[in-house]
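Structure first, commentary second.
Chain A is the first sequence line, chain B the second, and so forth, proteins listed ahead of strands; every chain is numbered from 1. FYI, side chains are in, hydrogens and waters are out, and symmetry mates aren't considered; it's all heavy atoms of this structure.
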Amino acid sequence: MPELPEVETIRRDLEKLLPGQIIKDVEIGAAKLIKEPGVREFKRRIKNKKIKGVRRRGKLLIIELSAGFLTCHLKLTGQLIYGEKDNKAKIGFLLSGGKYLNFNDLRLFGEIRLVDDWRNLLQIRRMGPEPLEADFTFETFKGMLEGKKSRIKPLLMDQAFIAGVGNLYAAEALFRSGIHPARTVNTLKPKETEELFLHIKGVLKEGIKYRGSSVDDYRDASGKKGFFASRLQVYGREGESCSRCKAKISRIKTGGRSSYFCPKCQK
DNA sequence: CGGGGCTCCTGTGCGC
DNA sequence: TGCGCACAGGAGCCCC
């Protein structure tokens, strides 16, 4: 599932490929993915727009056009792959260089929008801080946790709390911090809060360094897998031995989602 | 404010 | 062996 490191990897790839090219045409195989504006209007307005840059906010990929922005949310199974025409692609953008930007999406949860200003999107206005930006400091993080009574794992996955963290990186950050996923925030000791702050940043940076984790369908902009999956210590490893203490990795539900953790290392 | 449950969708994998 | 169903998950939404 694409989270911040996966989307950032795609962004960096596309930033090298797209700027300067013009969107000549769009082929729409799954109209439901186009959320805004209507499909006809989308087709009409996207044509002949020049690509100026590629940005990211949280898990949202933002392609800056000569007028307006094309935003893509990959959700669970979305892929943005640059290359030849792909007949399986749900949406295919034909570019002036002759190549295609293919949007694949097995489960059709993805969301594509053409908007005047991405900053006005409700999901953006609600979105919490970027965890890898300099202004996301320990002081900021402490302040954000103050007065909260929720369990830590669903909170980390809440995009309004922190942008870009999903199930996988939340699980790994909590493992590295020795914090049980069902712990309530108000029971965290100062030392644990500090560990968590450092490991959120650490695990996300490492995810980017290894070009993301291809547990399921994630691929980079060239269609290649990331390398981070083999470095996962708890996510998807139920029943396997903990790399630190050899206890068996457990799985519980928090906020309706699977949470993998080591029952011995995480309290 | 918090938490649970449902919804969208479809390939995978388990149980019978 | 083969079928059918539960499950997975990001995020919005409803409800208590």
**Q.** Counterpart residues, salt bridge (Lys or Arg N to Asp or Glu O under 4.0 Å), relative to Glu139(A) (two or more places apart)
**A.** Lys142(A)

Q: Kindly write out the residues that satisfy side-chain hydrogen bond (donor to acceptor under 3.5 Å, both in side chains) with His73(A), not counting sequence neighbours, or none if the list is empty.
A: none

Q. Can you check the Arg151(A) CZ to dG2(B) P distance for me, whole Å?
A. 12 Å

(Q) Closest-nucleotide mapping onto DNA chain B: is Gly147(A) or Leu108(A) further toward the 5' terminus? I mean the 5' end. (A) Gly147(A)

Q. With sequence neighbours left out, which residue pairs that include part of residues 241-267 of chain A fulfil the salt bridge (charged side-chain N to carboxylate O under 4.0 Å, His left out) condition?
A. Glu238(A)-Arg251(A)

Q. Can you tell me how far P of dC8(B) sits from CG of Leu74(A), to the nearest Å?
A. 22 Å

Q. Taking five pairs at each end of the helix from dG2(B)-dC16(C) to dC16(B)-dG2(C), what angle separates the two helix axes (nearest 10°)?
A. 60°

Q) Who are the salt bridge (Lys or Arg N to Asp or Glu O under 4.0 Å) partners of Lys49(A), not counting sequence neighbours? A) none

For residues 158-174 of chain A, which side-chain donor-acceptor pairs fall under 3.5 Å, sequence neighbours excluded?
| residue | atom | partner | partner atom | Å |
| --- | --- | --- | --- | --- |
| Asp158(A) | OD1 | Ala160(A) | N | 2.9 |
| Gln159(A) | OE1 | Gly164(A) | N | 2.8 |
| Gln159(A) | NE2 | Met157(A) | O | 3.1 |
| Gln159(A) | NE2 | Val165(A) | O | 2.9 |
| Asn167(A) | OD1 | Lys153(A) | NZ | 2.5 |
| Asn167(A) | ND2 | Ser258(A) | O | 3.1 |
| Tyr169(A) | OH | Glu6(A) | OE2 | 2.7 |
| Tyr169(A) | OH | Ser213(A) | OG | 3.3 |
| Glu172(A) | OE1 | Gln233(A) | N | 2.8 |
| Glu172(A) | OE2 | Gln233(A) | N | 3.3 |
| Glu172(A) | OE2 | Val234(A) | N | 3.0 |
| Glu172(A) | OE2 | Tyr235(A) | N | 2.8 |

Q: If a protein heavy atom is under 4.0 Å from the base, mark B; if only from the sugar-phosphate, S; if neither, -; do that for nucleotides 8-16 of chain C going 5' to 3'.
A: BBBBSS---

Q. Restricting to pairs with a member in residues 96-109 of chain A, which pass salt bridge (charged side-chain N to carboxylate O under 4.0 Å, His left out), not counting sequence neighbours?
A. Glu84(A)-Lys99(A)

(Q) Under the rule for salt bridge (Lys or Arg N to Asp or Glu O under 4.0 Å), what residues qualify as partners of Arg57(A), not counting sequence neighbours? (A) Glu130(A)

Q: May I ask you to decide whether Arg176(A) forms a salt bridge with Glu195(A), counting only side-chain N to carboxylate O separations under 4.0 Å?
A: no

Q) Where along residues 26-38 of chain A does a heavy atom fall under 4.0 Å from DNA chain C? A) none

Q. Which pairs, with at least one residue in residues 114-124 of chain A and sequence neighbours excluded, count as a salt bridge (charged side-chain N to carboxylate O under 4.0 Å, His left out)?
A. Arg45(A)-Asp116(A), Asp117(A)-Arg119(A)

Q. For Glu8(A), which residues count as a side-chain hydrogen bond (donor to acceptor under 3.5 Å, both in side chains) partner, sequence neighbours excluded?
A. Arg11(A), Arg12(A), Arg56(A)

